[in-house]
Enquirer: 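Questions regarding the structure given below will be posed in turn.
Along the sequence shown, residues are numbered consecutively beginning with 1. All values derive from a computational prediction rather than experimental measurement.
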Amino acid sequence: QVQLVESGGGLVQAGGPLRLSCAASGLTFSNYAMDWFRQAPGKEREFVAFINYSGVRTSYADSVKGRFTISRDNAKNTMYLQMNSLKPEDTAVYYCAAESSSSGKYDAWGQGTQVTVSS
């Protein structure tokens, strides 16, 4: 059974840091590219960051570039999102997703973790 479990969300003041984790099980983690998405209240889910299967290649949404860093540890089947200089507009539920390298489709999603940034 494929499972992605996010953790690390919470309440933080603007300007502060937070690190999210996404633990994967039931799949060959190192075969998958991984993504972070987020969804704010009343808004559509949006892309945040991408990391390829080896961790060598990454990309970010313009809104988080320079503040967020995506990484992964294939030995631990875990992906991370280090978020610095958080802004109130970063408030959202954050989801991780496993992206098939062959099809480009998302084979699994996590249940989400809430991040709230107070001003």
Enquirer: With a 4.5 Å heavy-atom cut-off, do S63 and R38 have their side chains touching?
Expert: yes

Enquirer: Members other than V48 in its cluster, when Ile, Leu, Val, Met, Phe, Trp, Tyr link by side-chain heavy atoms under 4.5 Å?
Expert: V2, L4, V12, L18, L20, L27, F29, Y32, M34, W36, I51, Y60, V64, F68, I70, M79, L81, M83, L86, Y94, V115, V117

Enquirer: Any sub-3.5 Å donor-acceptor pair from N74's side-chain atoms to S30's backbone N or O?
Expert: no

Enquirer: Verify the neighbour count for atom NZ of K65: are there more than 12 heavy atoms of other residues, nucleotides or ligands below 6.0 Å?
Expert: yes

Enquirer: Does any N or O in the side chain of S101 come within less than 3.5 Å of the main-chain N or O of N31, such that one atom is a donor and the other an acceptor?
Expert: yes

Enquirer: Going from CG on N52 to OG on S59, what distance comes out if it is rounded to the nearest 0.5 angstrom?
Expert: 9.5 Å

Enquirer: Could you measure the distance from the CD atom of E46 to the CD atom of Q39? Nearest 0.5 Å is fine.
Expert: 9.5 Å

Enquirer: Starting from Y106, walk the hydrophobic network (Ile, Leu, Val, Met, Phe, Trp, Tyr; side-chain heavy atoms closer than 4.5 Å) and list everyone else you reach, by chain and number.
Expert: F37, F47, F50, V93, Y95, W109

Enquirer: I'd like to know if the side chain of Q111 and the backbone of V5 have a donor-acceptor N/O pair within less than 3.5 Å.
Expert: no

Enquirer: If you take all heavy atoms of P17 and Q82, which pair is closest and at what distance?
Expert: CB-NE2, 3.9 Å

Enquirer: Just by distance, do the side chain of R67 and the backbone of S85 share a donor-acceptor pair under 3.5 Å?
Expert: yes

Enquirer: In Å, rounded to the nearest 0.5 Å, how long is the span from OG of S119 to NZ of K87?
Expert: 14.0 Å

Enquirer: Give, for atom OG1 of T116 and atom CG of D90, the distance between the pair rounded to the nearest 0.5 Å.
Expert: 11.0 Å

Enquirer: Can you tell me how far SG of C96 sits from CD of E6, rounded to the nearest 0.5 angstrom?
Expert: 4.0 Å

Enquirer: With rounding to the nearest 0.5 Å, note down the distance linking CG in N77 to OG1 in T28.
Expert: 8.5 Å

